Every structure is written in C-alpha cells, then in structure tokens.
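Note that the numbering runs from 1 along the sequence shown for the chain. Counting starts at 1 for both ligands and their atoms, in listed order. These figures come from a predicted structure and were not determined experimentally.
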Amino acid sequence: MSGKILSGKELSTVIREEIKKEVEQMTREGNRPGLAVVLVGDDPASKIYVNNKKKACEEVGIQSFQYFLEEKTEEKTLLDLIDRLNRDSAVHGILVQLPLPAHINAQKVIDAIDPNKDVDCFHPVNSGKLFTGNPVFLPCTPAGCMELIKLSGVKPEGKECVVVGRSNIVGKPMAMLLMKENGTVTVAHSRTANLKEVTKRADILVAAIGKPRFITADMVKPGAVVIDVGINRLETGKLAGDVDFENVKDIAGAITPVPGGVGPMTITMLLRNTVTAAKIRENANT
Ligand code: NDP
C-alpha cells in the first residue's frame, strides 16, 4: 500500500488564496507588500527560481521588483543596491538569489540586508531569533516542510525526527523548527556513522542532501513521514529528489513528491514572510 502523498502544489494553492485576500485588504489600506529580488549573473536555474518568485508575487498581488546584475558586478555595487532597497519604503522584503559569484562575499551581502526586510531569514539577527525560539520570520524551506508535516497529521511532539543535511539554509533551521514543536531531533550529515540505523529510527525524516534518490526504502521506518527537500537535475533533464520516491512511497506513511512537494511551499512561505514584513513596517509607523 502506498503512503499518503503530501502535495505541496495543492497546499500552496490553498495558502496562496489566503495570502491573496490578505494582500488585497492591505492594498486597500495603502500598505501593499513589495518584494525585491536581486539576481547576479545568468545561472539558468537561478533565473527560473527568480521568475517563479515574480509570478507567485503577481498571483497574490504583491508588488515585485527585480534587479538583474551582470556576473562581473562588484561587491560594492551590490551592497549599494541593498542599501537603497533597505531605505525604499515600497520594498518590504529583500531577497538576494544565492549562490552569488565567487568574487562576492555572500555573508557580507546577507549581513547588509535590514533584518526587518530579510524575508529569507538568513540574516544572523533572524537566525539568532530562530535559535532562541522567538523567530520573526520563519526560514522559507523549513517552514514549508513544517506545513507539509502538519498536513500529514503527524505531530512532531515526542517523535523521533531525523534531518539529513546540516546546511544553514535547510538542515540547521529545520532542526530548530522541529525542536520548537517538541520533536526529539537528530541531525545527520556526511560524517554520520551508520546513517541507515539513524534514519530508520525516524518517525519524521527530512532529506536535504542534494544527492538524487539517496534515501532508499531500506533506510526508512515503515509508516514514517518522509519530507524530500532535494532538487536534483538528472542527466535526462528530469528532476529527482533526495529520496527514492518510487520505492519509499510504498513503506512511508506519508511522503512529498519532487517536483510538487517542498518546492512550491518554499515560495509560498516567502510570500507569507513578505506580508509579515509589510505588517512589521506598518506597525512600526503607527
Ligand atoms: P548543501 O550542499 O549546503 O548541504 C548538503 C548537506 O547534505 C550537508 O550537510 C552534507 O553534509 C549532507 N550530505 C552530503 N552527502 C551526504 C551523505 N553521503 N550522507 C549524509 N549527509 C550528506 O545543500 P542544501 O542544504 O542547500 O540543499 C540540499 C538539497 O535541497 C539540494 O538538492 C538543494 O537543491 C535542495 N533545496 C531545495 C529547496 C526547495 O525549495 N525545495 C531549497 C533549498 C535547497 P556535510 O555538512 O557533512 O558536508
């Protein structure tokens, strides 16, 4: 028997409809949320991500500002743009598409974003707030995973939760959110010994590795909720997750597909954060 398929695409449609209504109301009150997206260079995958974000903004009525800078753009030029966007009252959220070219210090750029406009939740102030359990923004991909876990009907409280991957963008903040929901969290990575034994303990398993179909059926506890963050382009041009979906779906209690799982939820959470940022600014002005 197949596990429940957790469709991020369907859940996104529902949440985006709610966001749209909220944005309409805010726009009527003269506080239309705005998101600035900055892309440096012409990486094709990044261009697709940026366009998807623009389309999603338009769908819900968020004003979108796009800045395409040449690959050879100097760090200072980018920092000057961030400074301008920090002061622009029509811009509530700023997102710099990663990765940046090697000659630009990505951390310095992230640090330059006003924490109240840091809708990606990458700024150290926002990571710190997340770490201490009082986040203002929730990091988009992990927040999207939490919504999908909620959809599964399984509550993290008291459960064995295993996150494979410890990046600052996905693995670490994911562990924080699961811990906040009272899960017992293990973070595994490339140096983890006996990975299979660790993943097999998981009632909730999150894979954020970047290796196609790495999590195989023998690594999964029967009935587990399996969240696949991975987006890997195969030689055939098709996308594959970090989980061997075809075989794991038969033993998992619930599982996210790739595409159509975590990906659309990440963008939806970005829209939600942009609305939150606009509200923060409005409250600061009143
Ligand atoms: P990183 O490359 O930054 O991190 C990968 C993590 O996987 C590292 O912690 C690494 O361990 C761990 N890892 C690598 N090999 C193994 C292994 N053999 N066994 C156990 N752990 C291993 O990737 P990201 O976190 O940025 O992204 C992960 C995946 O998620 C990618 O496919 C990416 O494209 C996708 N992604 C999807 C998003 C979405 O919206 N759906 C958003 C962001 C990312 P170590 O630290 O020891 O090196």
Side-chain angles (χ1 to χ4, degrees), residues 6-9 11-12 15-16 37 43-53 55-56 95-100 106-107 110 119-122 127 130 137-149 151 161-178 185-202 205-216 218-220 226-235 237-245 255-273:
L6 303 170
S7 168
K9 206 171 158 204
L11 182 56
S12 275
I15 299 176
R16 286 185 200 189
V37 179
D43 174 59
S46 292
K47 270 189 179 162
I48 293 173
Y49 294 144
V50 165
N51 278 326
N52 286 345
K53 286 165 190 169
K55 244 175 63 192
L95 180 151
V96 178
Q97 186 67 44
L98 299 179
L100 286 168
Q107 192 57 54
I110 290 167
V119 284
D120 252 340
C121 195
F122 291 167
S127 325
L130 177 66
F137 299 113
L138 295 180
C140 301
T141 299
C145 294
M146 292 305 286
E147 292 287 347
L148 288 161
I149 292 169
L151 181 68
C161 306
V162 175
V163 180
V164 188
R166 57 175 164 178
S167 70
N168 289 335
I169 294 175
V170 191
K172 281 186 208 164
M174 186 71 226
M176 291 298 151
L177 294 186
L178 286 165
V185 183
T186 303
V187 179
H189 43 77
S190 68
R191 312 289 176 90
T192 298
N194 307 322
L195 182 64
K196 184 172 145 182
E197 281 170 31
V198 176
T199 56
K200 251 198 126 100
R201 284 205 310 261
L205 177 62
V206 181
I209 308 159
K211 296 206 161 130
R213 298 172 187 150
F214 183 87
I215 302 288
T216 46
D218 59 331
M219 297 169 83
V220 177
V226 180
I227 306 292
D228 189 352
V229 181
I231 302 179
N232 307 288
R233 179 82 54 191
L234 302 175
E235 276 177 13
K238 278 181 74 175
L239 289 183
D242 288 345
V243 176
D244 178 9
F245 180 86
I255 184 167
T256 63
V258 177
V262 175
M265 289 303 295
T266 295
I267 298 188
T268 302
M269 295 299 107
L270 173 70
L271 302 175
R272 185 181 270 176
N273 280 348

Is ligand 1 less than 4.0 angstrom away from at least one heavy atom of T141?
-> yes
In the protein, which heavy atom is nearest to atom 48 (O) of ligand 1, and how far is it?
-> S190 OG, 3.6 Å
Over 12 non-hydrogen atoms of neighbours within 6.0 angstrom of CZ in R213 = no
May I ask you to identify the nearest protein heavy atom to atom 34 (O) of ligand 1, giving residue, atom name and distance to one decimal place in Å?
-> I231 O, 3.4 Å
Taking non-hydrogen atoms only, is I209 closer than 4.0 angstrom to ligand 1 via side chain, backbone, both or neither?
-> both
So which of S167, C145, C121, P142 actually passes side-chain contact (heavy atoms from CB on, under 4.5 Å) with P173?
-> P142
Answer whether the closest heavy-atom distance between the side chains of S12 and I267 falls below 4.5 Å.
-> no
Starting from atom 36 (N) of ligand 1, find the nearest protein heavy-atom neighbour and note its residue, name and distance.
-> V229 O, 3.7 Å
Can you list the ligand 1 atoms lying under 4.0 Å from a non-hydrogen atom of G165?
-> 6 (C), 7 (O), 9 (O)
Per-atom filter on ligand 1: closer than 4.0 angstrom to a heavy atom of F214 are 17 (C), 18 (N), 19 (N)
Does a side-chain heavy-atom distance below 4.5 Å link S127 with N168?
-> no
Taking the side chain as every heavy atom from C-beta outward, state whether V96 and D120 have any atom pair closer than 4.5 Å.
-> no
Does an N or O anywhere in R191 fall below 3.5 Å from an N or O of ligand 1?
-> no
Any non-hydrogen atom of G171 lying under 4.0 Å from ligand 1?
-> no
Ligand 1 atoms nearer than 4.0 angstrom to some heavy atom of N232 are 32 (O)
At what distance is the nearest protein heavy atom to atom 46 (O) of ligand 1, and which residue and atom is it?
-> R166 NE, 2.8 Å
Only one of T141, L138, I15 clears side-chain contact (heavy atoms from CB on, under 4.5 Å) with M269; which?
-> I15
If you scan protein heavy atoms around atom 4 (O) of ligand 1, the nearest is S167 CB, 3.9 Å
To the nearest 0.1 Å, how far is atom 43 (C) of ligand 1 from its closest protein heavy atom, and which atom is that?
-> V170 CG2, 3.8 Å
Are side-chain heavy atoms of I227 and L6 found at a separation under 4.5 Å?
-> yes
Could you name the option among M265, M174, R233, H189 that has the heavy atom nearest to atom 21 (N) of ligand 1?
-> H189
Starting from the C-alpha separation in whole Å, work towards a yes-or-no answer on side chain to side chain contact (heavy atoms under 4.5 Å, CB included) for H189 and T192.
-> CA-CA 5 Å; H189 43 77; T192 298; 3.8 Å; yes
The closest protein heavy-atom partner of atom 29 (C) of ligand 1 is G210 N, 3.7 Å
Flag D242 as yes when one of its N or O atoms lies below 3.5 Å from any N or O atom of ligand 1, and as no otherwise.
-> no
Taking C-beta and beyond as the side chain, do D242 and V229 meet within less than 4.5 Å on heavy atoms?
-> no
Residue, atom and distance of the protein heavy atom nearest atom 15 (N) of ligand 1 read K211 NZ, 3.1 Å
Nearest-0.5 Å distance, CD1 of residue I169 to SG of residue C140 | 10.5 Å
Can you list the ligand 1 atoms lying under 4.0 Å from a non-hydrogen atom of A208?
-> 5 (C), 6 (C), 7 (O), 28 (C)
Would you check, one step at a time, whether the test side chain to side chain contact (heavy atoms under 4.5 Å, CB included) holds for Y49 with I231?
-> CA-CA 12 Å; Y49 294 144; I231 302 179; 4.1 Å; yes
Atoms in ligand 1 flagged as close to T266, the criterion being non-hydrogen separation under 4.0 Å | 39 (C), 40 (O)
Given the rule in the side chain to side chain contact (heavy atoms under 4.5 Å, CB included) test, do D244 and M219 qualify, once you have shown the distances and angles that lead to the verdict?
-> CA-CA 10 Å; D244 178 9; M219 297 169 83; over 6 Å; no
